Amino acid sequence: MNGTTERELRETICDIGRMLYERGFVAGGDGNISARLADGTLLATPTMVCKGRMRPDMIVHCTPDGAPLAGQGRPSSELAMHLAIYRLRADVHAVVHAHPPMATGFAVAGIALDRALLSEVVLTLGCIPLTAYGTPSTNELVEGLVPFIPAHDALLLANHGAVAYGPHMESALSNMETI
């Protein structure tokens with residue numbers, strides 16, 4: 001799953017989308033995935049497309065500021081969340097946003113994963129803070145994440161789900177699975 005070329009990353013994003021869908025971490029058009037290429041451009045899942053049914057040609061190639069390149073579709077409406085993570089973390093090259101049921105339950109209940117509840121989580125991710133509520137696809141959502149992005153590799157989004165990120169697609173997925 002370790003893609004380095006644009007084509008390989010497109011395939012990897014589709015593979016991860018299928019995994020998220022098959023594990024019940026996303027339903028319908030929920031969730032989004034992105035990767036930052038070496039030239040700073042991004043690959044992002046398209047808006048309102050089932051992650052379990054994506055094809056590599058559906059992945060949207062975007063400028064570093066999230067604008068789709070000519071001939072591309074529309075990227076996820078939540079791409080601003082990914083852009084904030086990339087802007088604040090030069091080491092991050094992959095972002096996964098999903099709604100895993102257990103983590104989303106904590107997020108809806110207003111409970112951060114900031115205590116040593118499960119040793120595997122503490123050892124790999126440390127604490128996972130709960131961000132302030134922000135309406136999906138708005139700057140309000142992004143503003144709630146910004147204070148936590150520099151010091152964490154995964155966040156619970158109040159009443160929304162979770163976002164995880166890392167230096168490559170596998171680490172972002174692994175962080176989401178750990179949540």
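All values derive from a computational prediction rather than experimental measurement.
There is no path of hydrophobic side-chain contacts, each under 4.5 Å, that joins Y133 to L145. Both L88 and L155 belong to a common hydrophobic cluster when Ile, Leu, Val, Met, Phe, Trp and Tyr are linked at side-chain heavy-atom distances under 4.5 angstrom. V92 and L9 end up in different hydrophobic clusters when Ile, Leu, Val, Met, Phe, Trp and Tyr side chains are linked at under 4.5 Å. Linking Ile, Leu, Val, Met, Phe, Trp and Tyr residues whenever their side-chain heavy atoms come within less than 4.5 Å leaves V96 and L83 in two separate clusters. Hydrophobic clustering of Ile, Leu, Val, Met, Phe, Trp and Tyr side chains at less than 4.5 Å, counting indirect connections, unites V49 with M169.
Pairing each heavy atom of T45 with each of I13, the nearest pair is CG2-CG2, 3.7 Å. Across I179 and A164, no two heavy atoms sit closer than the pair CD1-CB, 4.4 Å. For A158 against A132, the heavy-atom pair with the smallest separation is CB-C, 4.0 Å. The two residues P56 and R7 come nearest to each other via the heavy atoms CB-NH1, 3.4 Å. S137 approaches E78 most closely through the heavy-atom pair OG-CG, 3.4 Å. Contact between T47 and S77 at its shortest, heavy atoms only, is OG1-N, 3.9 Å.
In this structure, the side chain of R10 engages the main chain of I59 through a donor-acceptor pair within 3.5 Å. Although no hydrogens or angles enter the test, the distance criterion places a donor-acceptor pair under 3.5 Å between the side chain of N175 and the main chain of Y165. Under a 3.5 Å cut-off, the side chain of K51 and the backbone N or O of G29 do form a donor-acceptor pair.
Side-chain contact between I111 and L130 is absent, with no heavy-atom pair separated by less than 4.5 Å. Side-chain atoms of P68 and R74, non-hydrogen and from C-beta on, never get closer than 4.5 Å to each other. A heavy-atom distance below 4.5 Å is not found between the side chains of V26 and N32. Using a 4.5 Å cut-off on side-chain heavy atoms (C-beta onward), I149 and R87 make no contact. No side-chain heavy atom of M58 sits under 4.5 Å from any side-chain heavy atom of R53. In this structure, L141 and H160 have side chains that are in contact, with non-hydrogen atoms separated by less than 4.5 Å. Contact of the V163 side chain with the V95 side chain is registered, since non-hydrogen atoms from C-beta on lie closer than 4.5 Å. Contact of the P64 side chain with the T41 side chain is registered, since non-hydrogen atoms from C-beta on lie closer than 4.5 Å.
Rounded to the nearest 0.5 angstrom, T63 OG1 and L42 CG are separated by 7.5 Å. For the atom pair NE2 (H152) and CD1 (I128), the distance works out to 9.5 Å, reported to the nearest 0.5 Å. Note: H168 NE2 to L173 CG = 11.0 Å, rounded to the nearest 0.5 Å. Put simply, NE2 on H93 and CG on L43 are 13.0 Å apart, with the number rounded to the nearest 0.5 Å. Taking CZ from R18 and SG from C50, the interatomic distance works out to 10.5 Å, rounded to the nearest 0.5 Å. The structure places NE2 of H97 at 10.5 Å from CG of L20, a figure rounded to the nearest 0.5 Å.
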| field | Verdict with supporting geometry, M176 and I16, side-chain contact (heavy atoms from CB on, under 4.5 Å) | value | CA-CA 11 Å; M176 181 59 70; I16 289 173; over 6 Å; no
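Using bins of under 30°, 30° to 60° and over 60° for the plane-to-plane angle, the ring pair Y86/H82 lands in the tilted bin.
For the pairing with V60, the side-chain contact (heavy atoms from CB on, under 4.5 Å) check across S34, P46, S76 returns one residue only, P46.
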